[in-house]
Colleague: 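The following block contains the structure, expressed as structure tokens.
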Amino acid sequence: MTVTDLLGDEAVDALRAFSVWPATATEEPGGRVLLAGVPLADIADAHGTPVYVLDEAEIRDRARTYRAAFPAPGAEVHYAAKAFLCRGLVRLLDEEGLGLDVCSAGELELAVTAGFPPERILLHGNAKSPADLDTALRLGVGRIVIDGPAEIARIAAAVGPRGRQKVMLRVTPGIGAGGHAKVRTGTDDQKFGLSLRDGHAQHAVARVLDQPRLELTGLHCHLGSQITEVKPYLTALRRLVGLMARVRDAHGVALPELDLGGGHGIAYRPGDPVLDPTALARRLRAALTESCAAAGLPVPRLLVEPGRAVVGPAGVALYRVLAVKTTAGGRTFAAVDGGMSDNPRPALYGVRYAPRLIGRRSTAPAVRTTVAGRHCEAGDLLAEDVALPADLRPGDLLAVPVAGAYHLSMASSYNLVGRPPVVAVRDGAARLLVRRETLADLRARDVGL
């Protein structure tokens with residue numbers, strides 16, 4: 001007997017439609033959709049659109065899944081702040097016991113001023129500015145990930161004669177993995193890290209070890225984003241353990257940490273493949289134990305850096321339909337009050353989403369519809385050729401799930417449109433985390449008169 005036999009086609013379709021939504025998502029008979037017991041239409045009415053809604057319980061559940069899969073003291077989980085960061089999220093992540101990795105003085109300052117312990121923060125970046133390094137050293141960041149040879153002397157000089165800074169070394173293991181060419185960062189001949197293949201990584205290790213002001217705690221790599229298979233991580237692990245063995249042989253040092261980065265893939269539409277963190281952890285631990293035993297190395301602490309996989313599925317973006325039209329060629333467009341200024345990912349990477357009508361129940365047949373943004377770009381399309389009701393009309397609300405990562409963090413004020421607010425929901429209540437950027441905010445930056 002199948003699930004369809006038990007539930008019926010309509011119920012199965014409903015379950016599938018919500019498969020990429022937070023677990024608290026429910027739909028009432030009239031078509032109202034609730035998240036954590038809060039009607040999304042009420043949030044749109046109260047805060048306007050576009051607006052991002054974050055399910056706190058979903059974030060906590062995902063953080064706890066990672067903590068259980070990668071338990072201390074043998075492992076650490078660091079949330080990748082570039083996916084999305086605000087003070088409310090910083091406090092939540094601290095409560096759940098995750099670390100942070102940041103890419104700028106701005107992300108670092110926000111986290112520390114919100115009360116996050118700086119010793120649990122890693123600073124990344126292929127081109128760290130003087131302000132980035134000064135802020136990291138002033139605030140006492142836990143580790144700085146060295147991305148190139150020029151940083152070694154810069155960081156050592158900035159530490160000063162009486163200081164000592166923990167650092168890691170980012171290695172490119174020569175592995176191409178990720179959902180798009182623009183997010184594959186483990187290959188040679190790109191801007192991140194030091195190549196394992198040409199010996200630059202091993203040479204950099206020697207230089208770091210020669211710096212008394214730097215303490216090399218381990219190796220780091222990041223393969224890319226939206227990776228849905230375990231195999232690339234296993235290959236990277238074995239190659240980096242090989243480098244750790246060569247470091248031990250050449251310098252008598254057994255590095256205590258190995259960071260495999262993040263990039264764990266999630267589903268944006270029903271049926272998309274995902275990377276299961278529990279299965280990933282199990283296979284990484286087994287491979288790490290086996291590889292270290294073969295090399296005669298002690299097993300290092302394993303670090304991972306999920307960002308999208310923690311916060312992405314917890315977010316829902318709400319838009320108001322402004323216009324609907326069908327072209328002479330028969331293509332239907334629904335234009336909404338947001339677009340590439342609040343979500344540039346479809347234009348950058350061709351990402352596909354599964355928007356749905358909320359706020360009312362439609363019995364009209366579904367038609368292939370392209371959800372278009374409001375900006376003056378032909379490529380400003382949020383979702384192409386998706387199934388939406390034929391009676392879609394101006395004033396309707398559309399919800400785009402899996403909008404928690406790389407939306408607000410990559411947003412702009414293109415066409416002088418302010419960035420949307422962020423509202424958190426939990427246990428039937430909603431609270432504002434980030435207010436809307438207003439026209440007054442935008443004017444205040446312009447001091448040319």
Side-chain angles (χ1 to χ4, degrees), residues 72-73 76 78 80-82 90 94 99-172 191-196 198-222 240 243-259 261 297-298 300-303 305:
E76 291 182 13
H78 286 248
K82 64 180 181 175
V90 165
D94 187 19
L100 281 178
D101 78 71
V102 300
C103 298
S104 70
E107 291 177 350
L108 178 56
E109 286 267 13
L110 188 147
V112 174
T113 56
F116 200 90
E119 64 272 13
R120 284 167 39 205
I121 300 178
L122 287 77
L123 174 67
H124 289 271
N126 70 296
K128 302 178 189 70
S129 70
D132 294 333
L133 293 178
D134 291 346
T135 303
L137 296 172
R138 172 173 55 84
L139 296 179
V141 73
R143 307 169 190 83
I144 297 175
V145 181
I146 292 174
D147 198 274
E151 290 187 353
I152 298 171
R154 284 181 61 205
I155 297 171
V159 169
R162 291 179 295 277
R164 189 166 171 82
Q165 174 63 49
K166 291 182 177 180
V167 298
M168 304 186 82
L169 195 70
R170 180 162 178 171
V171 177
T172 52
K191 71 175 189 175
F192 291 107
L194 293 141
S195 175
L196 184 62
D198 62 12
H200 280 125
Q202 193 163 345
H203 179 66
V205 168
R207 287 187 56 194
V208 174
L209 292 175
D210 280 343
Q211 289 284 355
R213 299 168 191 171
L214 303 181
E215 178 185 347
L216 183 62
T217 68
L219 303 179
H220 176 284
C221 76
H222 182 75
L240 266 64
L243 177 56
M244 295 175 89
R246 292 193 292 277
V247 171
R248 185 268 323 272
D249 294 342
H251 305 284
V253 175
L255 299 176
E257 295 181 333
L258 177 60
D259 190 332
L297 286 170
R301 183 184 300 109
L302 182 64
L303 281 70
E305 301 172 355

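Because the structure is predicted, anything quoted here is derived from the model rather than measured.
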Colleague: Got a sec, which residues hit side chain to side chain contact (heavy atoms under 4.5 Å, CB included) with Leu110, two or more places apart in sequence or on another chain?
Modeller: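 Leu110: side chain to side chain contact (heavy atoms under 4.5 Å, CB included) contacts with Leu85, Arg87, Val90.
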
Colleague: Does the distance from a Lys or Arg side-chain N to an Asp or Glu carboxylate O, for Arg138 and Glu109, drop under 4.0 Å?
Modeller: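 Yes, this pair counts.
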
Colleague: Between Leu243 and Gln202, is any pair of side-chain heavy atoms under 4.5 Å apart?
Modeller: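 Leu243 reaches Gln202 side chain to side chain.
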
Colleague: Just by modelled atom types, is the Val145 backbone N or O under 3.5 Å from a matching donor or acceptor in the Lys128 side chain?
Modeller: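 Indeed, once roles are kept as given, a pair shorter than 3.5 Å links the two residues.
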
Colleague: Tell me, with the steps shown, if Ile146 and Ile155 meet side chain to side chain contact (heavy atoms under 4.5 Å, CB included).
Modeller: CA-CA 9 Å; Ile146 292 174; Ile155 297 171; 3.8 Å; yes

Colleague: Sorted by first residue and then second, give each ring-ring contact (aromatic ring centres under 6.0 Å, His included) pair with at least one member in residues 122-147; sequence neighbours left out.
Modeller: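 Residue pairs passing ring-ring contact (aromatic ring centres under 6.0 Å, His included), neighbours aside: His124-His220.
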
Colleague: Rounded to the nearest 0.5 Å, what separation is found between the CG atom of Leu169 and the NE2 atom of His200?
Modeller: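 Taking CG in Leu169 and NE2 in His200, the distance rounds to 12.0 Å.
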
Colleague: Looking at Gln165, Glu119, Arg120, which one forms a side-chain contact (heavy atoms from CB on, under 4.5 Å) with Val141?
Modeller: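 Among Gln165, Glu119, Arg120, the one meeting side-chain contact (heavy atoms from CB on, under 4.5 Å) with Val141 is Gln165.
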
Colleague: Just do the side chain to side chain contact (heavy atoms under 4.5 Å, CB included) check on Arg143 and Thr217 with the steps written out, would you?
Modeller: CA-CA 8 Å; Arg143 307 169 190 83; Thr217 68; 4.0 Å; yes

Colleague: Tell me if a side-chain donor or acceptor on Asp132 pairs with a main-chain N or O of Ser129 at a distance below 3.5 Å.
Modeller: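 Present.
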
Colleague: Is any side-chain heavy atom of Pro300 closer than 4.5 Å to a side-chain heavy atom of Leu255?
Modeller: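 No, every pair of side-chain atoms sits at 4.5 Å or beyond.
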
Colleague: Sequence neighbours left out, what passes side chain to side chain contact (heavy atoms under 4.5 Å, CB included) with Arg213? Give chain and number order.
Modeller: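 Partners of Arg213 under the side chain to side chain contact (heavy atoms under 4.5 Å, CB included) test: Val159, Pro161.
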
Colleague: Side-chain contact, heavy-atom cut-off 4.5 Å: Leu303 with Leu258?
Modeller: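 The answer is no, as the side chains (C-beta and beyond) never meet within the 4.5 Å cut-off.
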
Colleague: Among Ile121, Thr113, Leu100, exactly one meets side-chain contact (heavy atoms from CB on, under 4.5 Å) together with Leu108. Which residue is that?
Modeller: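 Testing each of Ile121, Thr113, Leu100 against Leu108, the sole residue satisfying side-chain contact (heavy atoms from CB on, under 4.5 Å) is Ile121.
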
Colleague: With side chain to side chain contact (heavy atoms under 4.5 Å, CB included) as the criterion, how do Ile144 and Leu137 come out once you've worked through the C-alpha distance, each side chain's angles and the decisive distance to 0.1 Å?
Modeller: CA-CA 9 Å; Ile144 297 175; Leu137 296 172; 4.2 Å; yes

Colleague: Any side-chain heavy atom of Arg248 within less than 4.5 Å of one from Leu297?
Modeller: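 Yes, at least one pair of side-chain atoms sits under 4.5 Å.
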
Colleague: State the CZ-CD distance between Arg164 and Gln211, to the nearest 0.5 angstrom.
Modeller: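 Those atoms lie 10.5 Å apart.
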
Colleague: Taking the side chain as C-beta and beyond, is there a heavy-atom pair between Leu122 and Met168 under 4.5 Å?
Modeller: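 Heavy-atom side-chain distance check passes, below 4.5 Å.
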
Colleague: Inspect the contact between Lys82 and Glu107 and indicate whether a charged nitrogen and a carboxylate oxygen are less than 4.0 angstrom apart.
Modeller: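 Salt bridge: no.
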
Colleague: Is there a donor-acceptor contact under 3.5 Å from the side chain of Thr172 to the main chain of Leu194?
Modeller: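 Flag set: sc Thr172 to bb Leu194 pair under 3.5 Å.
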
